[in-house]
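Just so it is clear: chains get the letters A, B, ... in the order the sequence lines come, proteins before strands, and each one is counted from 1.
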Number of protein chains: 2
Amino acid sequence: MSQHDAVEVITAKRDGHELTDSQIDWVIANYTDGVVADEQMSALAMAILLNGMNRREIARWTGAMIASGERMDFSSLSRPTSDKHSTGGVGDKITLPLAPLVAACGVAVPQLSGRGLGHTGGTLDKLEAIPGWRASLSNDEMLAQLEGIGAVICAAGTGLAPADKKLYALRDVTGTVEAIPLIASSIMSKKIAEGTGSLVLDVKVGTGAFMKDEARARELAETMVGLGKDAGVHTVALLTDMSTPLGFTAGNAIEVAESVEVLAGGGPADVVELTLALAREMLAGAGVTDVDPADKLADGSAMDAWKAMIRAQDGDPDAPMATARESHVVNAPSTGVLTRLDAMGVGLASWRLGAGRATLGDAVQDGAGVVWHARPGDEVTQGQPLFTLLTDEPERFDRALASLEGGYDIGDGARFDAQPLVIDRIA
Amino acid sequence: MSQHDAVEVITAKRDGHELTDSQIDWVIANYTDGVVADEQMSALAMAILLNGMNRREIARWTGAMIASGERMDFSSLSRPTSDKHSTGGVGDKITLPLAPLVAACGVAVPQLSGRGLGHTGGTLDKLEAIPGWRASLSNDEMLAQLEGIGAVICAAGTGLAPADKKLYALRDVTGTVEAIPLIASSIMSKKIAEGTGSLVLDVKVGTGAFMKDEARARELAETMVGLGKDAGVHTVALLTDMSTPLGFTAGNAIEVAESVEVLAGGGPADVVELTLALAREMLAGAGVTDVDPADKLADGSAMDAWKAMIRAQDGDPDAPMATARESHVVNAPSTGVLTRLDAMGVGLASWRLGAGRATLGDAVQDGAGVVWHARPGDEVTQGQPLFTLLTDEPERFDRALASLEGGYDIGDGARFDAQPLVIDRIA
């Protein structure tokens, strides 16, 4: 592995050349081992961000990150596996009803999730609002739960793609997060190492998404679908709207409650629509085409899978969850139709209320968050509640209110055009 | 100084924006103090390399690096000061005869020099071949020598532009050396902090130079002249050819000997030409126009200044210097006119023979180097000595010979066109 050196690899990319397979393997393996220093990798990441990588380079980079750690193997399971990844959105609780729903349809869902950093919230943070629930499972516990119940949502172990963990932390402090080759390889290295048989990607586009711009979101989706295909994982991406937050809640306990409404056959129409669209893709990817997931929401079997999944991880699905000690209501300033509700404003407000964290290691408040009482297209009356802000710490209201300012429009309704939630499908 | 953060500054340059004065001041001060980490500065350096900086940004960056340390002050001297900087070339011993020559003309030369790294050799390494000579002087010693003798060549103290020292070491390992804004600000921050009244830049272009390409060398020269002007230092640059090495020697003791030949009124024509051209610019920059430096070589006063300068730093200018224990002669393979002698090949050979070092801290051999017995335009006869390779360690000959391979051409002479040594003057 000593046939290259870091400066040679950096200058090759800096000068606009393709990196060879051997250069990529060398730099990832040696970065993982500490031979390539952080300051060298950050210079390379900046060169990649500005000069790009082609499909071969991205695939090799992803493969090298997978090879830096262990791989999981679900081939011993009696059912096929399918997983979902979202690039992150506001009010995006879809994983919570989706995993047990797909399990109820006969496909196992090995959902390794993360914690939230910034305005989009984290799936594990939401589930930890359920009394007793634990995020960490051993590989054996995970396999047993997948075989017995069919759904598991847990923390990713430290053994998968350690190069990615190291590189992700570095990118965060060096202005190199926004490189599509690095985003795509980061996501896909973990999903491929996890060993899922098929994968559905929910690539968000809009103000509340990481990708504000549809062209870049599409490029990211196409890059990831290509990586999945190259690695033999059946991969489909849905491009979905994140200019408006999903459902009526952003937070932790309040998003769990909204997810349970969906599992009970109710819930917000957009959350149900996206849950079913993703479930159908996951089932099709696993070769299951004779089950309609809507039936499993209606007949209670998705709810049964949810409760079993929560109990298997020591949670009590029927216990009351934390509620915020303080609330603040924002009333509608005029009468008309809500024509815009900005996902970023809502996401920042929820984060500032304590539902999210500023740095990894911070605690989150289970009860904090934002409830909005109307969605775009709904009529509102002057003086009716428009937002309810929730937190344990009332000094947080001011900054949360500031982030909602200018984040919505109330118009006369004639000009309102609903945008489709699923913008495109990329396979 | 907490009004910025590193990611903000990095992403601004990454996205092609101009950095503000405040951002530049903040990032340099905080990098010097360790608040901005190496991995952040290397990402910023790569963004600067790929996206550039304009004249205002480079001037501010240079000013911030000067402000990171101390400044010297020569205003108490009874004579004007002028300094010279070369971007580095093979056989470039010009500083050695130039400093005492200019001193003999009545202008003080405060020449802070470095050690060699790579193929171009270092002025201090050459002078250390003189028995007893020491490179380190206190500021008081330096001032006294400038007043009494008028010339000093010594090591730069650690107090000048510490931000540059830190950044230079970082750039070396992160593939970010070749950024003109960073090269120009690195050179000029030290020269401006040093406090010279005027400055002449010898910007080399050609195979043996850092800049192989005339357009880039010209851009570097223009950038540095602009920085000098902005800082109130009278600055002129000569663009000079470095496709052929200077003189007939590359090494340490052998370059000192060749320099002494020039001071004695002889020496290679090209070394004399460039020494006089640079001396005239230095004198003009200091306002001295009534002295012809050629007279000071002819009448022995430059030699007197040289001997006084060497003795003031405890060196014995008349003591024999080290000679290499082993030599190897390469004979001309054919008869004709030498039409090309590649500076890079000669420089690498000298470095590989032990005249230079691979990493800072390595020792160099005083007696090692390369002597060439013909220059382009000279007739050579098959079998006559073309190169003499010198080293204490005969196992070094093989690799040195390999770097000379293909490094010269012997032709019929009809096609030989001499290139001018001084290509252009930029003021």
Pair count under 4.5 Å, heavy atoms only, with chain A: among B:L170, B:L50, B:T11, B:T176, highest is B:L50
A:F210 ring centre to A:K204 NZ or CZ under 6.0 Å, with the angle to the axis within 45°? no
I need the residue from A:M41, A:Q40, A:R14 with the largest number of non-hydrogen atom pairs under 4.5 Å to chain B. A:R14
Taking A:L44, A:D38, A:D15, A:T174 one by one, which has the highest count of heavy-atom pairs under 4.5 Å against chain B? A:T174
With a 4.5 angstrom heavy-atom cut-off, is it the side chain or the backbone of A:N51 that approaches chain B, or both, or neither? side chain
Salt-bridge present (A:E393, A:R396; N to O < 4.0 Å): yes
Would you call B:R218-B:E214 a salt bridge at under 4.0 Å N-O? yes
Please answer whether the main-chain N or O of A:A45 pairs with a side-chain N or O of A:K13 as donor and acceptor at a distance below 3.5 Å. no
